[in-house]
Amino acid sequence: MNYDVAIIGAGPGGTDAAEHAAAHGLRVVIFEKNKLGGVCLNEGCVPTKALLHSAHLLSEALDGKKYGLTIPEAAFDLGKVMARKTKILKKLGAGIRIGLQGHEVEIVTEEARLTGRGDEGFTIAAGEATYTARHVIIATGSRAFIPPIDGLSDVPFWTAKEALEVEELPQRLVVLGGGVIGMEFVSFFSTLGVEVTVVEMLPKILGPMDEELSTELQKAFEKRKVKFHLSTKVTAVREGKVIAEHEGETLEIPFDKLLVSVGRRAVTDGLGLETVGVELQRGAVVVDEHLQTSVPGIYAVGDVNGTSMLAHTAAREGQVAVHHITGTEDVMSYRAIPGIVYTDPEIAAVGQTEQELRTAGIDYEVHRVPMTLSGRFIIENEQGNGFCKLLTDKEGVILGAHLFGNGSSEILVPAIMAVEQRMKLSELSRIVFPHPTVCEIVRSATLH
C-alpha cells in the first residue's frame with residue numbers, strides 16, 4: 001500500500017498525470033469515488049458534444065436543399081440521441097480504464113481522504129484501507145454552483161448534469177447564465193425547437209471572451225428566436241416563472257424547465273486538506289507554477305485550483321506536476337489556453353482579447369478576414385458567415401486569435417502555438433498550410 005504518487009480524482013488531470021507518472025517508472029494509485037473520466041467525460045465536455053453533434057446533423061439535414069439535397073423526413077428521436085451519448089461515454093470510460101491498467105496504475109473506486117503525514121509519506125484513507133504515498137496530486141474537479149436565489153430550492157431545476165439526461169423536451173426553457181455551458185445547451189435545445197430564453201447578469205454573454213465573438217453568437221441565436229435578457233438580475237424563482245430586475249423594471253419570465261448554469265466551484269470538502277495544512281483561497285487550492293500547494297509534495301491540478309477550469313488545462317497541469325515530482329524542468333504557462341464554445345456556429349479563441357489589450361494600455365493591431373476567403377468553408381457552410389481575427393503588438397507578435405464559424409475549434413491549433421511561442425505574424429505566414437482547408441484562413445489573416 002506504499003506508492004510514489006497517489007492521485008485523488010480520475011478526471012482528465014488525474015488520469016493524464018497517473019499515466020505520465022507511471023510512464024516515468026513511478027508506482028501510482030488513483031482514487032475515484034464515481035466514474036473514471038470525471039465531470040468532463042460523464043457530465044460535461046464529452047456528452048454535451050455528443051448531443052450537439054446530433055443537433056448539428058439535424059440542422060444540416062433540414063437545410064439540405066441548400067446543398068442540392070432533399071431530405072423530407074429529417075427528424076430526431078431524443079431517446080436514441082441520448083442512448084448514443086451513453087454508448088459513447090461507456091466506450092471512452094472503458095478506454096480510460098484500459099489505459100490506466102496498461103500503465104499498471106492501481107485503481108481504487110473509493111472516496112479518498114488525507115489523514116496526515118508519517119515517516120513514509122502522506123497517509124490516505126479510502127474505504128477500510130489506508131495508503132501511503134510520497135507525493136499526492138489532488139484532482140477532484142468542480143461542481144455546479146447553485147446561487148442563493150429566493151425560491152430556487154423550492155422549484156425543480158436542471159444543472160448541466162440533469163440537462164444531459166432529459167427524456168422529454170420542454171416547450172419553454174429558461175437558462176440562468178450566459179457562459180459557455182449555458183450557450184452550448186442553448187444551441188442544442190433551440191436547434192430541437194425548444195423556445196429558449198437566456199437571463200444573464202452581465203451586459204454580454206460569454207463573460208471574458210472577445211466582445212465581437214459574443215455579439216455575433218448572440219445575433220446567430222436571435223435569428224433562431226432565442227431571447228436574451230442581459231444586465232438582468234434574477235431576484236426570485238417561483239413555480240413556472242423567473243422574477244428578474246432590469247434597469248429598475250421587474251420582469252416575469254415563464255418557463256417549463258429551468259437550467260441553472262452560473263459557474264462552477266472547486267471540490268475541496270471532505271479531502272482532509274486541513275489535516276496537512278493545504279492553503280485555500282476563495283474555496284480553491286493555492287498552487288505555484290509547478291502546481292505544488294503550500295505543502296511540499298502535495299499538488300493540485302485542474303478545476304480544484306480554480307485557475308483555468310478546462311479539461312485541456314488540467315491535462316497539461318498534471319504533466320507539469322509529474323515533471324516536478326521527477327525533477328524534470330518544467331513550469332505551467334497560461335499564456336495560450338484555448339477557449340472553445342461548441343455551439344452552432346462555433347467559437348474558438350486563445351490569448352488576449354481586444355478589451356484586455358485596451359485595458360492594459362497595449363497598442364495593438366487587428367488582422368481580420370472573413371471565413372468566406374476559405375473555399376472549404378464556403379463548400380461546407382452554404383450561406384454561412386464567420387471571421388478569423390489575429391491580434392498583434394506593434395512589432396507583429398501574435399497576442400491573441402479569435403475565430404467565429406463552424407470548424408473553429410479544429411483550426412485554432414496553429415494560432416495556439418503561435419501565441420505560446422510568441423511568434424510574429426511574418427513567421428506564421430511562412431508556414432505552408434494545406435489547401436483547400438478551413439485552417440488556411442489563419443494564414444490568410446497573417447497577410448492582411
Atom pair [atom1]/[atom2] of [X] and [Y] - distance to nearest 0.5 Å:
X	Y	atom1	atom2	result
Leu391	Leu399	CG	CG	7.0 Å
Leu173	Phe188	CG	CZ	11.0 Å
Glu211	His402	CD	NE2	12.0 Å
Thr326	Asp4	OG1	CG	11.0 Å
Arg134	Asn2	CZ	CG	10.5 Å

Search all heavy atoms of [X] against all heavy atoms of [Y] and return the closest pair with its distance.
X	Y	result
Val260	Phe145	CG1-O, 4.3 Å
Ala321	Leu291	CB-CB, 4.3 Å
Thr115	Ala125	CG2-CB, 3.7 Å
Ala133	Ala6	CB-CB, 3.5 Å
Ala21	Val322	CA-CG1, 3.7 Å
Met1	Ala129	CE-CB, 3.6 Å

Any [X] side-chain heavy atom under 4.5 Å of [Y] side chain:
X	Y	answer
Leu78	Leu169	yes
Val286	Ser294	no
Thr48	Tyr342	no
Ile149	Leu176	yes
Asp210	Lys389	yes
Val320	Val331	no
Val304	Val267	no
Phe185	Val175	no

Okay, side chain of [X], backbone of [Y]: is any donor-acceptor separation there less than 3.5 Å?
X	Y	value
Lys85	Leu164	yes
Thr132	Gly121	no
Asn305	Val285	no
Ser214	Ile205	yes
Thr232	Leu230	yes
Thr86	Met82	yes
Glu317	Gly302	yes
Glu346	Ser409	yes
Glu356	Thr353	yes
Thr123	Gly116	yes

Verify the neighbour count for atom [atom1] of [X]: are there more than 12 heavy atoms of other residues, nucleotides or ligands below 6.0 Å?
X	atom1	result
Glu110	CD	yes
Met417	CE	no
Lys35	NZ	no
Glu274	CD	yes
Lys424	NZ	no

Determine whether the aromatic ring centres of His323 and His20 lie less than 6.0 Å apart.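 Yes, the ring centres sit under 6.0 Å apart.
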
Can a salt bridge be assigned to the pair [X] and [Y] using a cut-off of 4.0 Å between side-chain N and carboxylate O?
X	Y	result
Arg27	Glu106	no
Arg238	Asp154	no
Arg316	Asp330	yes

Scan side-chain atoms only and decide if Thr191 and Arg224 contain a donor-acceptor pair under the 3.5 Å cut-off.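 There is such a pair between these side chains.
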
So, Thr159 and Glu162: side-chain donor and acceptor under 3.5 Å apart, yes or no?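 Their side chains do contain a donor-acceptor pair, which is all the 3.5 Å distance test asks for.
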
Take Glu212 and Thr215, measure what side-chain contact (heavy atoms from CB on, under 4.5 Å) needs, and give me the verdict at the end. CA-CA 5 Å; Glu212 188 176 9; Thr215 300; 5.7 Å; no

Worked verdict on Ile431 versus Met423 for side-chain contact (heavy atoms from CB on, under 4.5 Å): CA-CA 12 Å; Ile431 293 175; Met423 290 177 66; 4.0 Å; yes

Geometric class of the Tyr3/Tyr131 ring pair [parallel <30°, tilted 30-60°, perpendicular >60°]: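 Rings of Tyr131 and Tyr3: tilted, as their planes differ by 30° to 60°.
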
Please evaluate residues Phe157 and Val237 with respect to the criterion side-chain contact (heavy atoms from CB on, under 4.5 Å), reporting the C-alpha separation (whole Å), side-chain torsions for both, the decisive distance (0.1 Å), and the verdict. CA-CA 10 Å; Phe157 61 87; Val237 174; over 6 Å; no

Should Glu279 and Leu273 be marked as a side-chain contact (heavy atoms from CB on, under 4.5 Å) after you check the CA-CA gap, both sets of side-chain angles, and the distance that decides it? CA-CA 8 Å; Glu279 181 184 353; Leu273 300 180; over 6 Å; no

According to the ring pair (Phe, Tyr, Trp, His ring centres under 6.0 Å) rule, which pairs have a member within residues 282-318, sequence neighbours left out?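 Qualifying pairs, neighbours excluded: His290-His324, Tyr299-His324.
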
